[in-house]
Amino acid sequence: METNPTVAINISDDLYGLSGTKSDPRDLPEPDVHIVTCDALRIPAHSSILASVSPVLENIIDRPRKHRSSERVIPITGVPNDAVLAFLRFLYSSRCTEEHMEKYGIHLLALSHVYLVPQLKHRCIKELGQRLTIENVVDVLQLAKMCDAADLYLKCLKLVANHFKAVENTEGWKFLQDHDPWLELDILQFIDETASRKKKTRKLREEQRLYLQLSEAMECLEHICKEGCTSVGPYDMEPGHNRGPCSKFSTCQGLQLLIQHFATCKRRVNGGCLRCKRMWQLLRLHSSMCDQPDSCRVPLCRQFKLKMQQEKKKDDARWKLLVRKVVSARTISSLSLPKRKREEELGETRCSHGIRTFRL
């Protein structure tokens with residue numbers, strides 16, 4: 001029966017990566033253990049140093065030997081020789097070059113996980129996360145799952161989800177489909193959940209944008225009824241035709257056009273005008289939000305509230321939700337203003353008094 005011949009490696013200044021450090025390799029005692037790689041390379045090492053860095057190696061070293069005279073041998077297989085050498089250098093010097101990390105980062109992550117070397121594991125997770133590509137992401141993802149590297153695993157999942165069409169054509173994905181269908185299912189579920197979250201977030205943002213627009217429309221309505229704007233104002237005040245546009249003129253202008261239409265439309269009596277219905281809804285929304293109907297200058301504010309009380313009609317749940325959302329958006333918008341401006345607006349609101357109609 002043939003046996004693989006072992007190849008011994010000589011101790012050199014760079015074997016343990018101690019060159020350039022305060023430690024002198026010549027001060028080390030004689031090696032008392034050998035690490036054997038998959039290619040039968042024998043690397044001399046020191047059991048005291050290995051045991052102090054890795055509890056797994058400590059357990060292997062402390063195992064009883066069959067014969068006292070037999071030498072201590074630690075097999076580290078499954079990775080290239082140079083990866084084992086880079087791992088050993090880290091155990092001695094706590095250093096790993098960029099070149100070694102580039103070439104053997106995946107192998108070093110596996111070794112650091114198996115032999116419980118957390119410092120090296122954290123370094124590998126960070127470096128591999130920065131070196132993720134479309135081609136290697138599936139391989140790194142599989143290893144991250146086996147090595148309990150949650151941050152790296154999540155980073156890989158996000159890359160796969162964002163570039164799934166490209167990842168789907170790689171050899172790593174094809175291998176995954178053939179050999180690990182459960183992991184493939186996890187990835188597809190993550191992609192589906194990510195898409196659902198994005199859709200939900202997009203919907204929430206659109207709703208929030210609508211609530212902010214309605215809140216701005218309420219502010220513009222009060223502004224028009226209290227101060228007047230370029231073409232519409234209170235009945236006892238001339239519209240400011242010579243006045244410059246207000247800070248929210250894009251919304252204010254649209255609302256002024258809607259008010260002008262509402263005042264002259266002949267179809268609104270019969271309820272056949274969509275633009276007038278929109279104006280009624282804005283007036284009703286303002287009335288639902290207003291807490292000073294007796295002194296409010298917006299038309300029909302008090303009438304809406306009285307009508308609701310007389311008819312003892314309760315707003316439906318969707319309308320109440322809309323009012324709460326718009327009030328919330330208005331509060332958030334007001335909090336973003338400087339404190340002094342908020343106090344001025346609050347004072348102006350308290351000093352307002354009843355004018356109930358427009359001047360066009």
Side-chain angles (χ1 to χ4, degrees), residues 129 132 134 137-138 141 144-145 150-169 173 182-224 246-259 261-262 271 273-291 298 301 304 308 313-338 342 345:
L132 283 178
I134 298 297
V137 64
V138 176
L141 187 147
K145 184 178 182 181
D151 292 342
L152 183 59
Y153 182 74
L154 181 59
K155 194 168 187 177
C156 292
L157 282 176
K158 290 180 178 179
L159 181 60
V160 173
N162 294 332
H163 302 87
F164 183 67
K165 291 297 181 182
V167 173
E168 199 175 17
N169 296 323
W173 180 260
W182 290 109
L183 181 56
E184 179 191 6
L185 180 61
D186 289 342
I187 295 172
L188 295 177
Q189 287 178 339
F190 177 84
I191 293 173
D192 183 63
E193 290 171 0
T194 301
S196 298
R197 281 196 300 270
K198 287 182 178 179
K199 185 177 179 180
K200 184 177 180 180
T201 301
R202 187 163 52 248
K203 182 180 179 181
L204 289 174
R205 285 177 179 173
E206 291 173 354
E207 290 178 353
Q208 187 64 24
R209 191 180 300 114
L210 173 62
Y211 300 141
L212 287 172
Q213 289 173 350
L214 288 172
S215 173
E216 187 171 297
M218 295 297 100
E219 293 178 11
C220 289
L221 182 60
E222 294 175 10
H223 156 67
I224 292 170
C246 61
S247 60
K248 300 175 181 177
F249 186 69
S250 58
T251 302
C252 214
Q253 176 67 4
L255 192 55
Q256 289 181 90
L257 295 174
L258 187 61
I259 292 171
H261 169 83
F262 181 76
C273 180
L274 293 177
R275 295 180 67 186
C276 291
K277 287 181 178 178
R278 190 176 301 121
M279 189 66 213
W280 281 115
Q281 289 173 340
L282 290 175
L283 292 172
R284 180 189 175 194
L285 178 60
H286 165 81
S287 179
S288 299
M289 295 171 58
C290 183
D291 57 355
V298 176
C301 177
F304 267 114
M308 297 294 292
K313 177 182 177 182
K314 294 184 178 180
D315 293 336
D316 58 69
R318 292 181 62 185
W319 182 262
K320 287 183 178 180
L321 178 62
L322 174 64
V323 173
R324 285 200 302 269
K325 295 290 187 181
V326 177
V327 170
S328 176
R330 189 172 190 174
T331 303
I332 294 172
S333 178
S334 66
L335 290 175
S336 65
L337 295 173
R342 289 203 306 269
E345 291 186 352

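Formation of a donor-acceptor pair under 3.5 Å by the S288 side chain with backbone atoms of R284 is found in this model. No donor-acceptor pair under 3.5 Å is formed between the side chain of S215 and the backbone N or O of Y211.
In this view, D192 satisfies the salt bridge (Lys or Arg N to Asp or Glu O under 4.0 Å) rule with no residue, not counting sequence neighbours. Considering only residues two or more places apart in sequence or on other chains, K155 meets the salt bridge (Lys or Arg N to Asp or Glu O under 4.0 Å) condition with none of them.
Inter-residue side-chain proximity for C273 and H261 is flagged as met; some heavy-atom pair is nearer than 4.5 Å. Side-chain contact check for M218 versus L214: every heavy-atom pair is 4.5 Å or farther apart. Considering only heavy atoms from C-beta on, H286 comes within 4.5 Å of E222 through its side chain. Considering only heavy atoms from C-beta on, L221 comes within 4.5 Å of M279 through its side chain. Side-chain atoms of R209 and E206, non-hydrogen and from C-beta on, do get closer than 4.5 Å to each other. Here the side chains of C252 and I224 are in contact, with some heavy-atom distance below 4.5 Å. Side-chain atoms of Q281 and L285, non-hydrogen and from C-beta on, never get closer than 4.5 Å to each other. By the 4.5 Å heavy-atom criterion applied to side chains, T194 and N162 are not counted as neighbours.
In plain terms, the two heavy atoms of I187 and L141 that are nearest each other are CD1-CD2, 4.0 Å. Shown here for F164 and I191, the closest heavy-atom pair between the two residues is CD1-CD1, 3.5 Å. The minimum heavy-atom distance between L132 and C156, with the atom names listed, is CD2-SG, 3.8 Å.
Once rounded to the nearest 0.5 Å, the distance linking NZ of K325 with NZ of K320 reads 16.0 Å. Note that CZ of F262 is 13.0 Å distant from CZ of R278, once rounded to the nearest 0.5 Å. Atom-to-atom distance recorded for L255:CG and H223:NE2 is 9.5 Å, nearest 0.5 angstrom.
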Test R330 against M289 for side chain to side chain contact (heavy atoms under 4.5 Å, CB included), laying out the working first.
CA-CA 10 Å; R330 189 172 190 174; M289 295 171 58; 3.6 Å; yes

With side chain to side chain contact (heavy atoms under 4.5 Å, CB included) as the test, would you mind laying out the steps for R275 and L258 before giving the verdict?
CA-CA 7 Å; R275 295 180 67 186; L258 187 61; 3.9 Å; yes

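Around atom NZ of K145, more than 12 heavy atoms belonging to other residues, nucleotides or ligands sit under 6.0 Å away. Atom CZ of R197 has more than 12 neighbouring heavy atoms from other residues, nucleotides or ligands inside a 6.0 Å radius.
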